[in-house]
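Accompanying notes for the structure given below.
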There are 2 protein chains.
Amino acid sequence: MLNMSISTVSRALKDHPDISKETKEKVRELAEILEYEPNTYAINLRTNNSKEFGVIVPAISNYFYHSFISSLEEEVRRYGYSLIILQSVDDPEIELENLKRCKQSRVAGIFVSITSKTEDIKPFLKVEDQDIPIIFFDKVPAFEACNKVCVADSLATQLAVEALITKKKKKILALFGDINLSISNKRLAAFEKEMAKMGSTISYTIDFANSAKAASLAFTKALEESKPDAVFCMSDEILTGVMKVIQKLAIKIPNDLSIVAISDGFIPQLYFPEIAYAETSGFKLGKLAFSRMMTCMAGNSFVQELTIDSVLINGGSI
Amino acid sequence: MLNMSISTVSRALKDHPDISKETKEKVRELAEILEYEPNTYAINLRTNNSKEFGVIVPAISNYFYHSFISSLEEEVRRYGYSLIILQSVDDPEIELENLKRCKQSRVAGIFVSITSKTEDIKPFLKVEDQDIPIIFFDKVPAFEACNKVCVADSLATQLAVEALITKKKKKILALFGDINLSISNKRLAAFEKEMAKMGSTISYTIDFANSAKAASLAFTKALEESKPDAVFCMSDEILTGVMKVIQKLAIKIPNDLSIVAISDGFIPQLYFPEIAYAETSGFKLGKLAFSRMMTCMAGNSFVQELTIDSVLINGGSI
DNA sequence: ATGAAAGCGCTAACAA
DNA sequence: TTGTTAGCGCTTTCAT
């Protein structure tokens, strides 16, 4: 319509320095009028990349992941990217399918939190070989040579325990999640290290629960048996189980019992008094994961494991 | 490598009836060995469609949306589709950008829950004109001629109120969300309709709160002023605000006060006793939205508004 | 400053 | 049953 070649138009539209001002103006005007939209499929084909990242998580409806995803989405949007969300429903097979989908969609990069049963991470490494960077977050493989961003399990545990110690608690009940999850073990190890520091001045009991209900049960039992003066809850799931019993028995917090948790903060502030917690923020982790991805995509980067800080958020529960 | 043309390979790979068994076999074998992956960009360009849906929500980190998204993802995955997630952070401008992104990515269809400030839905209708079906869900425009799937606001409200009436409650405090939100108004209207049915046998107070904190305040005030024997909470947000005060004042549920809410169920079961609620399931809405999308894509369908049922889930709170 | 032309990897109509 | 070919809409090199 403007009597110029396709290449001129293409260049004009992307503000190429070779094109004269007047031409650019004309092209832009007509594009506006015609409501021209570049065909993303063609661009992707031609440039062999797309402005999309894949995100593979065990489940979106999780205390932690949706805040991670939300924060990540905010970040990538600024850079013109979008997020393709895939759930593995904690099934390694579906996880593998999802990975394949990402590969086939030729996403620019993949964020993945592995399932609790994922054993073989070779498929992930293979995708990386094809120049699709992978950032593992939260639930990361033990394997060394991959990019990971994690919450500070040890630090968070330490902060939570220290808060209890400061308040001179003597009999701590520590409740952890599924014993098979690496996160449980990391936090358990950190907990025991803190206890070791204190020597025999503090006694403690440890139990595991793989659901809120199990946590309620474990807590109820411990209440009778070990009569703790403080409870350490490894996760929101554990905390909700404990808090339900506390409401049921009308236990006075913090007079009868102190509570401290590790959480991203949503659940703790539902209660009165609000529960003190060591923060593990999905929000912050999202930002970190993104910046790590950008570095990887730039290409000049070593594989490494990054950790976000944790802080203790005070509540009236200790 | 196999001494055959590209088209033969293409057809063999997609099990075209014209191709002989042996050829297919050979092609598949070699494809396996070579780890051939079809180039999605090229397919999209050629076929002019992609196996992706856009999802535009005010925020992922919301009581309701992440369960909707989670359920929708499960569903679309079965059909080989993926979900592109875009947040509008309740900003109509960003919402518009997101819509544009979807259009440019030429998604197969869009699921959208509009922001509380979205006034102009013409841009959405325009996208529909380009044969990208749009399913509005949850927060839908008042405009008639578009496809909507919603939770049953009236029914849920009715069920919740009926539960209170059955228990002979006489002084109901009804707490609603942001007065500007259509959802608040729908539920309010339904509530008043139920009250009208009862004539003067029941007295009630109505208040609005646009945050959990505001709900706490409104509830505290009402407690002193109107001394209700039951509280109706329009949403999880309201419920959490109310429950915090209840814990603070150690109010006995249901002896001192009955509580009923409208919720998808996660929050109500955090408390003891568990809170009775009329269910508005993001999970079910996801399934419905998807099936509606498929119908629209098939092309033979009228514009319509669909609603998912609600049921009362009993708790110990009434 | 602009144009011509090749080609990204695939599909499908048509030919053989 | 298989091959030839055009073309999807764009980017980019090379020529002018």
**Study point:** Parallel, tilted or perpendicular, as decided by the 30° and 60° cut-offs, for the rings of B:F68 and B:F137
**Key:** parallel
Check your understanding: How would you label the contact of A:N39 with the nucleic acid (heavy atoms, under 4.0 Å): base, sugar-phosphate, or nothing?
Key -> sugar-phosphate
Practice item. Give the rounded distance in Å between these two atoms: CD1 of B:I6 and C1' of D:dG7. Key: 14 Å
Point to revise | Test: B:R106 and A:E37 ion pair at under 4.0 Å | key: no
Exercise for review: Figure out the CG/P separation between A:N48 and D:dC10, and round it to whole Å.
Suggested key: 17 Å
Practice item. Can you establish whether the number of heavy atoms outside B:Q104 located under 6.0 Å from its atom CD is more than 12? Key: yes
Review point. Which residue, B:I19 or A:A42, contacts DNA chain D at a nucleotide closer to its 5' end, judged by nearest heavy atom?
Key: B:I19
Check your understanding: Rounded to the nearest Å, what distance is computed from the CD atom of residue B:Q104 to the P atom of nucleotide D:dG9?
Key -> 15 Å
Practice item. Can you figure out which of D:dC8, C:dC10, D:dT2 approaches the side chain of B:Y36 most closely? Key: C:dC10
Review point. What is the distance, rounded to the nearest whole Å, between atom CD of B:E25 and atom C1' of D:dT1?
Key: 17 Å
Point to revise | Interface residues of residues 7-17 of chain A with DNA chain D (non-hydrogen, below 4.0 angstrom) | key: A:S7, A:S10, A:R11, A:K14
Exercise for review: Looking at every strand, decide which applies to A:L45 at a 4.0 Å heavy-atom threshold: base, sugar-phosphate, or nothing.
Suggested key: base
Check your understanding: Please give, in whole Å, the distance from C:dC10 C1' to B:N49 CG?
Key -> 13 Å
Validation: residues 286-293 of chain B side-chain donor-acceptor distances under 3.5 Å, sequence neighbours left out:
from	atom 1	to	atom 2	distance (Å)
B:K287	NZ	B:S71	O	3.2
B:K287	NZ	B:E75	OE1	3.1
B:S291	OG	B:L288	O	3.2
B:R292	NE	B:N147	OD1	3.2
B:R292	NH2	B:N147	OD1	2.9
B:R292	NH2	B:S301	OG	2.9
B:R292	NH2	B:F302	O	2.7

Review point. Considering only D:dC10, D:dT2, C:dA4, which nucleotide approaches the side chain of B:S20 most closely?
Key: D:dT2
Study note, to complete from the structure: To the nearest angstrom, the OH-C1' distance between A:Y41 and D:dC8 comes to 12 Å
Exercise for review: Decide whether a cation-pi geometry holds between A:K148 and A:F136; the criteria are a distance under 6.0 Å from NZ or CZ to the six-membered ring centre and an angle within 45° of the ring axis.
Suggested key: no
Exercise for review: Would you kindly give the CD-to-P distance between B:E37 and C:dG9, to the nearest whole Å?
Suggested key: 14 Å
Check your understanding: Can you tell me if CG on A:L125 sees more than 12 non-hydrogen neighbours from other groups inside 6.0 Å?
Key -> yes
Check your understanding: Can you check the A:D18 CG to D:dT12 C1' distance for me, whole Å?
Key -> 12 Å
Check your understanding: For A:K26, does the NZ atom have more than 12 heavy-atom neighbours from other residues, nucleotides or ligands under 6.0 Å away?
Key -> no
